[in-house]
Amino acid sequence: MTGLVLNGETTLKAVVLDKIGRSDVLQIKKVPKPDVTTSDEILINLKYSGINFAEILARRGLYKWVPSRTGFILGMEGAGIVEKVGSGVTDFNKGDPVIVARGFGCHAEYISLDKKYVFPAIPQYTLQQNAAFSGSFLTAYIALVQMARVRVGETILVQAAAGALGTATVLLAKALGLKVAGTASSPEKIDFLRKCGVDVAINYSNVKFKDMILEWTNFKGVDVILESVGGEVYRNSLQCLSPMGRLVLVGLSSVRFNKFNPLTWWPTYKLIPRINLLNMLGRSQGILAFHVGRLLDTSYTEVRGIFEELVDFVSQYQITPHIERIFPLEQIAGAHHFIESRQSMGKVILEI
Ligand SMILES: NC(=O)c1ccc[n+]([C@@H]2O[C@H](COP(=O)([O-])OP(=O)(O)OC[C@H]3O[C@@H](n4cnc5c(N)ncnc54)[C@H](OP(=O)(O)O)[C@@H]3O)[C@@H](O)[C@H]2O)c1
């Protein structure tokens, strides 16, 4: 236990989002240590916490799936050790290593939360790898298997493929027997993608990915696209989707909206993905979208089943998350800057 006792109350370190702004608004605060308050809760001593792009959007005031605009602890995923369980918890015991997946609260030494957001740690993974797993791999697996319903031999284009979600998607797609093309914005990322096993790596900052994809697929287009960038990337993606192809939309990483700066209003409007159903009908294509955090709330039993299936899958194919850097919790601002400036490849996590 690393918390301090202040005014008789045990406190712990946490990244509390107090202010919307650039990465330097992020600071470590002392907050009261939580405790188990219902029979279904579990108190966990978090050791590592994965950083997701959604937290960067939350810090900029652009993410709506958080409890409030400010005044909450950031961090959507983590791994740690169970310290205490409520009387209704039978699946976990004190001392168990676990994964936490929830919309907030994980950039902290302790979290107490409902058992539905807690999963057993994957035994063959380190705690770091467990902390880097749920946000990216569960999203990637749902996108490929549940939403796009991929089949062996199909082609996929993964946009922003060197990011955390992108890398997870590439690794899973290869193991699922797909032919994989991936885009990224720098030569270093292109080298990284080749090492991850992509069949075609495209630097979309200086090459028209649409032309390359059409050529790669003999002008048929790809069967599946994972899209998380928005704007031109989304619009050009639609141009290289095959008949009966499925585009799965999960994010909008290029959004730069600031409601106090009118210069950002029109660019933001232009980059929001839109659908013309009549075009889809004419081309026989599908656009799908989902949010893994929302699914945990609405479809808990199904997501738990999918998680177990995914754990079996990564065990069978010996797939592990690629962790590029581990920042100490105190360097949260530097970690956000590193991701936001598009330097990161794979996952970035915090050591708590
Ligand atoms: N719907 C869901 O359930 C769900 C779950 C997880 C993630 N997501 C979404 O998926 C996306 C990826 O998340 P992640 O955690 O994997 O993030 P990440 O590791 O930071 O990857 C994001 C990537 O987006 C690319 N990008 C393109 N334009 C950008 C811009 N203007 N600013 C910053 N990055 C830009 C960058 O790659 P290049 O430099 O190579 O372009 C970057 O590596 C995010 O939009 C996130 O919100 C959605």
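As the structure lists them, so they are numbered: ligands from 1, and atoms in each ligand from 1. Small disclaimer: the values here were computed from a predicted structure and weren't measured.
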Between S253 and ligand 1, does any nitrogen or oxygen pair lie at a separation below 3.5 Å? yes
Closest by any non-hydrogen atom to atom 26 (N) of ligand 1: pick that one out of R256, R342, M345. R342
Only heavy atoms of V292, strictly under 4.0 Å: list the atoms of ligand 1 that pass. 2 (C), 3 (O)
Per-atom filter on ligand 1: closer than 4.0 angstrom to a heavy atom of A184 are 40 (O)
Heavy-atom neighbours of R304 CZ exceed 12 at 6.0 Å: yes
Numbered atoms of ligand 1 (with element) below 4.0 Å of T139, judged on heavy atoms: 2 (C), 3 (O), 4 (C), 5 (C), 6 (C)
Just by modelled atom types, is the L278 backbone N or O under 3.5 Å from a matching donor or acceptor in the R283 side chain? no
Using a strict cut-off of 4.0 Å, indicate which atoms of ligand 1 neighbour a heavy atom of A160. 23 (C), 24 (O), 25 (C), 37 (O)
Side chain, backbone, both or neither: the part of I56 lying under 4.0 Å from ligand 1 by heavy atom: neither
Option among Y117, F119, Y300 that satisfies the ring pair (Phe, Tyr, Trp, His ring centres under 6.0 Å) test with F307: F119
In this structure, atom 40 (O) of ligand 1 is nearest to the protein heavy atom S185 N, 3.0 Å
Starting from atom 31 (N) of ligand 1, which protein heavy atom do you reach first, and at what distance in Å? S254 CA, 3.5 Å
Within the side chain of D223, is there an N or O that forms a donor-acceptor pair under 3.5 Å with the backbone of E154? no
Do any nitrogen or oxygen atoms of Y204 lie less than 3.5 angstrom from nitrogen or oxygen atoms of ligand 1? yes
Please check if I225 and L144 belong to a single hydrophobic cluster, counting links between Ile, Leu, Val, Met, Phe, Trp and Tyr side chain heavy atoms closer than 4.5 Å. no
Check this for me: H291, atom NE2, are more than 12 non-hydrogen atoms of other residues, nucleotides or ligands nearer than 6.0 Å? yes
Quick check: does S344 get an N/O under 3.5 Å from an N/O on ligand 1? no
Does S254 use its side chain to pair, donor to acceptor, with the backbone of V229 at less than 3.5 Å? yes
Exceeds 12 heavy-atom contacts within 6.0 angstrom, atom CD of E215: no
For this output row, return yes or no: ring centroids of F137 and Y141 closer than 6.0 angstrom. no
Taking distance alone, with no angle check, do A164 and ligand 1 share an N/O pair under 3.5 Å? yes
Interfacing atoms of ligand 1 (cut-off 4.0 Å, heavy-atom, S228): 10 (O), 11 (C), 45 (O)
Check: G251 N/O within less than 3.5 Å of ligand 1 N/O: no
Ligand 1 versus I339, non-hydrogen atoms closer than 4.0 Å: side chain, backbone, both, neither? side chain
Can you list the ligand 1 atoms lying under 4.0 Å from a non-hydrogen atom of L252? 45 (O)
Output yes when K29 and D18 qualify as a salt bridge under the 4.0 Å nitrogen-oxygen rule, no when they do not. yes
Regarding atom 2 (C) of ligand 1: of the candidates F338, Y63, F290, which has the closest heavy atom? F290
L165 contact mode with ligand 1 (heavy-atom cut-off under 4.0 Å): both
Under 4.0 Å from any heavy atom of G163, which atoms of ligand 1 are there? 19 (O), 21 (O), 43 (O)
Is there a polar contact, in the sense of an N or O pair closer than 3.5 Å, between F53 and ligand 1? yes
Output all residues satisfying salt bridge (charged side-chain N to carboxylate O under 4.0 Å, His left out) with K47, sequence neighbours left out; order by chain, then residue number. none
Can you list everything that forms a ring-ring contact (aromatic ring centres under 6.0 Å, His included) with F72? Sequence neighbours excluded, please. none
Does NZ belonging to K174 count more than 12 external heavy atoms closer than 6.0 Å? yes
What part of K347, side chain from CB on, backbone N/CA/C/O, both or neither, has a heavy atom under 4.0 Å from ligand 1? neither
Using a 4.0 Å cutoff against the non-hydrogen atoms of V250, which atoms of ligand 1 qualify? 1 (N), 2 (C), 4 (C), 8 (N), 9 (C), 48 (C)
How far apart are the C-alpha atoms of K115 and D40, what are their side-chain angles, what is the distance that settles it, and do they pass the salt bridge (charged side-chain N to carboxylate O under 4.0 Å, His left out) test? CA-CA 6 Å; K115 64 185 180 193; D40 282 339; 3.3 Å; yes
Ligand 1 to K189 polar contact by distance, N or O atoms, under 3.5 Å: yes
